Structure formats: C-alpha cells, structure tokens
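The block underneath contains the structure these notes are about, expressed in structure tokens.
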Amino acid sequence: MAKYKVTLIPGDGIGPEIADVTRKCIEATGLDVEWEIQNAGAEVMEKEGTPLPERVIESIRKNKIAIKAPLTTPVGGGFRSVNVALRKSLDLYACLRPCKSYEGVRSRYEKIDLVVVRENTEDLYAGIEFSKGSKEAAKIIKEIEALSKHSIRPDSGISIKPISVFGTERIVKFAFEYARKNGRKKVTAVHKANIMKFSDGLFLEVAREVAKKYTDIEFGDCIVDNMCMQLVQKPELYDVLVLPNLYGDILSDLCAGLVGGLGVAPGGNIGDKAALFEATHGSAPKYKGLNKVNPTALILSGMMMLRYLGEKDKAERLERAVAAVIREGKDVTYDMKPHRDDPTAVGTREMGEAIIRKIKSQK
Ligand code: NAD
C-alpha cells in the first residue's frame, strides 16, 4: 500500500491538462502516492445531476488530503459555487495563499514573500442574504429598527456579516501555528475594527488574545485600507497576514498581483480533518484542450501539499525545479514570455516535462 492516498480532482476546462502535469511532477519527487481520481464539475453535472456528487466529498473525508484543478461552476442549478460547497461541507476554514516572487516572472515587484491566511467560513460570505423587497428583508428591517436606532431604506437588499470568537480563534491560531512551523517572524491581523466594532472589533480583540500565547512571533494589526496601501508601497514589512473572509479574498488577489498574477498563485484550503490544495485561477474554458496554459499555480499547490504532508525535502526539490525553469525562461508557457505571441513559448505538457527534468537532475 502506498504511504499516501490522495484524492485528485481533474476539474474542467484547462483542469485535466494542468492536473496531469502536476501529478507527474509530484510523482517525480519520489512521493509514494496512490491517486484516487474523482471527477466533479460541469461535465459531471450532465451525467450525475450534480456537479459535486457525495462520492467526491466522501473520498476527501476518507483520504483527508486532496488536490483539485479548477472547476467550472455551472450557471443555474442551485449551486452558488462548487468550490464554496466543497469548502463548506469539509469545514476547510483556512485559505492559505503564499505569494512569493520567483525570478523570471514578470512583475513590478521583486523579493515578495507574503502569506495570506483567509478565514473561509464566516463574514459577509456566510451566504446569509435577503433580497430587496422580500418578505424576509421587510421582517429583518423592522426588527433592526426595533432593536437599534437605525432605520434602513425599505428598498434595501441585506447581507449579514457574522464573525465569531470560535471562527476567529481558530483562524488566528492557524496563522500563528503556520508561522511557527514555517519559520515566519510576524503575523498581522487585518480588519476594519474602527468602523465595525462588533464584528471586526471582535476579530481584533480575539486575535490579540490568541497572540499572547505566541510570544516567539511578533504580532501587529492593520486597518484594511491602510494595509492595501502598505502592501503596494512597502510589502517587505509584512510576513503572514490573517484576515476575515472578504478582506482575505480581496487581499489575496492583490498579493497575487504583486508576484505576477494568477498563473503563479497556488493555494490550499485547510481544516482540522482535511486539506484541499488548488490554484487560485479558474478553469479558463477558452483554453481547454489547447495544451497552452501555465501549470505553475497547480504545481506549486502540489508543493504546498508536500509541505503539509511533512515531505519538506520533496517540496523543496519541486519548488527549486519550478523556480529554475521559470528563471531560465526557455521552457515556459506563453504568459511567461516577454510577449504573449512569442513563438518560443512551450505548451503546458512541455513546461511540466522541463520541471520533471530539473527535479530528476537534483537527485
Ligand atoms: P479564470 O481564472 O478561469 O480565467 C481568467 C483568465 O486568466 C483566462 O482567460 C486566462 O487568460 C487567464 N488564466 C487563468 N489561468 C491561467 C493559467 N493557468 N495560465 C495562463 N493563463 C491563465 O477565471 P474566470 O474566467 O472568471 O472563470 C472561469 C470558470 O472558472 C468559472 O466557471 C469560474 O466559476 C471558475 N473558477 C473556478 C475556481 C476554482 O476552481 N477554484 C476559481 C476561479 C474561477
């Protein structure tokens, strides 16, 4: 029996192409792994009536570890997003997004090394919403007017922002534990506590309490608007950022932009019982089957998976190989060339093969 059994979701659009390359790169590190392939997404929806059959969730629950290529969210069908549904049903409460500069990736910045830890389950993304003009919205408006001195215009739509002690404690602890395990020096909590005193204010208060237990790691906090400016002006002052869901979503894209964009941004969604690694980008349907797109983000998500499994040497070997191929700039996809129509650009598969050659030459 293999040491690890990992659920592999090939996804749709460009998913299967980058998933195949990623699988081969991980295998090239020598990881003793057996893959349990689970299809999900738009095509599965046609055959099985749902884009996320229970068997997929069960497989991840059982194996506790999964890697997933992007899934197209079918329009209609009652699904807001397959990705959100997966995170919810497995309680993957931490979204981890390392944003690191690799020499050779075109970007306005260099030497960025930030980690965004985003809370995945609460906040304005909890999905508690009431549409304008609905009976429920009218009831809530009336109740709020009775409970507070505020009036709400009757033609308002309403989204609720819950932030709890439980949810904050576990995400801030996660950020500190991550910092400790990965030799990081500082955790910064990002919020808007000056305005939203009972939701963001609670987030900050709880974060400060948790920080007291981690005296080996520096703690700071920053108001989200100021944080955006600081990240653009002096990103080198920051290390691990921990944020509620909405700010986390926005700042992870900002940080991905600092290091060269979606093609190189990996991620992990992690809970206490399971972890799912995936690229930040989507299924880019227009490139499906063209062997064209950049596999880096999913390969680096695989690198994060290796680290999570405690396979540090293999993770480092994979990361060094990716970094070397990007630095050399020869066997890279079109988006990493100086011009997008550069005829020397290679395909997804060929970039993967170059990475595998580098992994093997390091042995
Ligand atoms: P997208 O990330 O799929 O594509 C946006 C553009 O980014 C593409 O047209 C392409 O130019 C570029 N791009 C993306 N990945 C690339 C890569 N690996 N290499 C080179 N260029 C790349 O975003 P979208 O068009 O908004 O979404 C398409 C579908 O993906 C939607 O159905 C959406 O719901 C889904 N989606 C899934 C995930 C996920 O599975 N986690 C995340 C985001 C979007």
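Basis for what follows: all heavy atoms, side chains included, without hydrogens, waters or symmetry-related copies. Read the numbers this way: they start at 1 and go in the same order the structure lists the ligands and their atoms. Keep in mind that what you see is a predicted model, and the values were worked out from it rather than measured.
For atom 34 (O) of ligand 1, the nearest protein heavy atom lies under 4.0 Å away. The protein reaches atom 43 (C) of ligand 1 closely, with a heavy atom under 4.0 angstrom from it. For atom 19 (N) of ligand 1, a protein heavy-atom neighbour is present inside the 4.0 Å cut-off. Under the 4.0 angstrom criterion, atom 26 (O) of ligand 1 counts as lacking any protein heavy-atom contact. For atom 12 (C) of ligand 1, the nearest protein heavy atom lies 4.0 Å or farther away. Within a 4.0 Å radius of atom 7 (O) of ligand 1, the protein contributes no heavy atom.
In terms of N/O distances under 3.5 Å, ligand 1 is approached by L71. Geometrically, ligand 1 and A284 share a nitrogen or oxygen pair separated by less than 3.5 Å. Every N/O-N/O distance between A279 and ligand 1 stays at or above 3.5 Å. Of the polar atoms of N83, at least one N or O is found under 3.5 Å from an N or O of ligand 1, judged by distance alone. Checked by distance only, ligand 1 and T280 stay at 3.5 Å or farther apart across all their nitrogen or oxygen atoms.
Salt bridge R118/D249: present, at least one basic N to carboxylate O contact under 4.0 Å. Between K5 and E36 there is a salt bridge, since a side-chain N of the basic residue sits under 4.0 Å from a carboxylate O of the acidic one. Salt bridge annotation for D313-R317: absent, with no cationic side-chain nitrogen under 4.0 angstrom from a carboxylate oxygen. Residues D200 and K161 are paired through a salt bridge, judged by an N-O separation under 4.0 Å between the basic side chain and the carboxylate. Ion pairing between a basic and an acidic side chain is recognised when a charged N comes within 4.0 Å of a carboxylate O; E27 and K314 show no such pairing. Ion pair D216/R180 flagged as a salt bridge, since at least one NZ, NE, NH1 or NH2 atom sits closer than 4.0 Å to an Asp/Glu carboxylate oxygen. Ionic pairing of D331 and R357 is present here: one or more N-O contacts between side-chain nitrogen and carboxylate oxygen are shorter than 4.0 angstrom. Electrostatic pairing of K288 and D12 does not count as a salt bridge here, judged by no charged N lying under 4.0 Å from a carboxylate O.
With a 4.0 Å heavy-atom cut-off, ligand 1 is reached by the backbone of N294 and by its side chain too.
Set against the non-hydrogen atoms of K286, the atoms of ligand 1 under 4.0 Å away are 9 (O). The ligand atoms of ligand 1 that sit less than 4.0 angstrom from a heavy atom of P70 are 40 (O). Within the listing of ligand 1, atoms 20 (C), 21 (N) sit less than 4.0 angstrom from a heavy atom of Y334.
When K68, H281, E17 are checked for heavy-atom proximity to atom 14 (C) of ligand 1, H281 turns out nearest.
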